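First listed ligand is number 1; within each ligand, the first listed atom is number 1. Just the heavy atoms: all of them, side chains too, but no hydrogens, waters or symmetry mates, feed the values below. Quick caveat: nothing in here was measured; it's all calculated off a predicted structure.
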Amino acid sequence: MTDIRDVLEARRLIAGHLPETPMWSYPVLDAIVGARVHVKHENVQPTGAFKVRGGINLLARMPDRGRGVVAYSTGNHAQSVAYAARLYGVACSIVMPENPNPAKVAAVEALGATVTVAGATMVEAADHARAMSDDQGRRLISPADEPDIIAGVATLYLEMLAARPGLDAVFVPVGSGTGAAAACLVADALAPRCRVIAVQSASAPAAHDSWASKELVTRPCETVVDGLATGSAFETPQAVMRDGLSDFLLVGDDDIRRAQRMLLTQAHTLAEGAGAAALAGLLAVREEFAGREVAVVCTGANAGPAELERLLAAA
Ligand SMILES: *Cc1c(COP(=O)(O)O)cnc(C)c1O
């Protein structure tokens with residue numbers, strides 16, 4: 001199981017590649033929420049999302065990385081793995097399901113990875129990636145059942161809690177749960193009185209329901225929020241979240257959109273939907289945190305063209 005020493009080692013391994021990200025407060029946002037709110041800005045990562053921390057740590061620690069890697073993803077996991085593979089000169093294939101977003105294909109190809117389009121759904125794309133891994137000897141990188149990814153992602157919370165050890169709570173958006181598991185690990189070691197509160201879309205509640213029922217369940221995935229769109233849960237992060245989370249909130253996609261507009265207008269920050277979900281969770285329970293000091297992670301900025309248009313029209 002991953003522990004704080006793995007996180008410290010990950011910090012050492014990624015330090016030369018990724019500077020610490022900023023964390024700021026915004027007075028109008030504080031006033032709206034009624035608390036001191038620190039926004040951790042992962043939207044400024046070179047890939048536009050926090051996941052690159054995990055990709056770099058995994059590749060840095062992979063003893064036989066010369067054999068190449070393969071991952072299945074349409075979004076930020078793909079960019080994370082492709083970015084890290086380029087850094088270490090490792091061959092990288094990404095499998096995406098049919099009809100991928102051309103902008104996402106272009107982003108991954110620009111990082112030097114090969115994109116293969118296969119399968120009607122993500123489950124079929126995953127099967128294809130597994131077959132490629134078997135045929136070509138490349139290492140298949142799971143989106144979440146990877147301790148090195150969780151340790152890499154946890155460097156975010158090391159930065160956060162080192163800067164603000166007195167935080168009462170941190171709100172973390174959840175898809176597969178690597179981010180929330182990472183927050184639990186670091187809070188447990190450095191700031192045990194800081195509550196870790198996970199937030200997921202009510203329209204894709206697999207991780208929430210798995211946490212609540214203490215067993216891995218699958219659920220319909222109907223959210224429009226890309227980064228949170230997972231229909232199944234992953235054992236590795238769930239095992240950490242089971243004891244580590246103090247609460248797990250479900251929010252509506254409309255609440256997420258409202259938080260996304262709030263970040264744009266009050267924090268001059270472009271967040272993709274998933275990047276605003278933590279703030280949506282905080283807004284849902286803000287009375288409970290009146291006058292407290294809390295952090296929300298703006299996990300990513302990769303809004304697609306249609307999402308951007310909608311966001312700007314509404315703002
Ligand atoms: C992947 C992702 C999430 C969810 O993170 P998990 O580790 O999968 O729970 C949240 N926000 C963004 C921007 C993401 O890319």
Practice problem: Could you go through the side-chain hydrogen bond (donor to acceptor under 3.5 Å, both in side chains) check for E272 and N76 one step at a time? | Solution: CA-CA 11 Å; E272 61 183 286; N76 292 336; 3.1 Å; yes
Provide, line by line, the atom pairs where ligand 1 and the protein bring an N/O atom each to a distance under 3.5 Å; else say none.
from, atom 1, to, atom 2, distance (Å)
ligand 1, 7 (O), T178, N, 3.0
ligand 1, 7 (O), T178, OG1, 2.5
ligand 1, 7 (O), G179, N, 3.1
ligand 1, 8 (O), S176, N, 2.8
ligand 1, 8 (O), S176, OG, 2.7
ligand 1, 9 (O), G175, N, 2.7
ligand 1, 9 (O), S176, N, 3.1
ligand 1, 9 (O), G177, N, 2.7
ligand 1, 11 (N), T299, OG1, 2.6
ligand 1, 15 (O), K51, NZ, 2.5
ligand 1, 15 (O), N76, ND2, 2.7

- [ ] Could you label the plane-to-plane angle of the F289 and F171 rings as parallel, tilted or perpendicular, counting under 30° as parallel and over 60° as perpendicular?
- [x]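 Geometry flag for F171 against F289: perpendicular rings.
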Beyond-backbone contact of T236 with E146, side-chain heavy atoms, under 4.5 angstrom: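 The answer is no; the side chains never approach within 4.5 Å.
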- Taking C-beta and beyond as the side chain, do S93 and R138 meet within less than 4.5 Å on heavy atoms?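 In contact.
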Checklist entry - Under the side chain to side chain donor-acceptor pair (under 3.5 Å) test, which residues partner S201, sequence neighbours left out? => result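 Testing S201 for side chain to side chain donor-acceptor pair (under 3.5 Å), a comparison that skips the adjacent residues, returns T223, D253.
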- Using a distance-only test with no angle check, is there a side-chain donor-acceptor pair under 3.5 angstrom linking Q45 and E42?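 A donor-acceptor contact under 3.5 Å links the two side chains.
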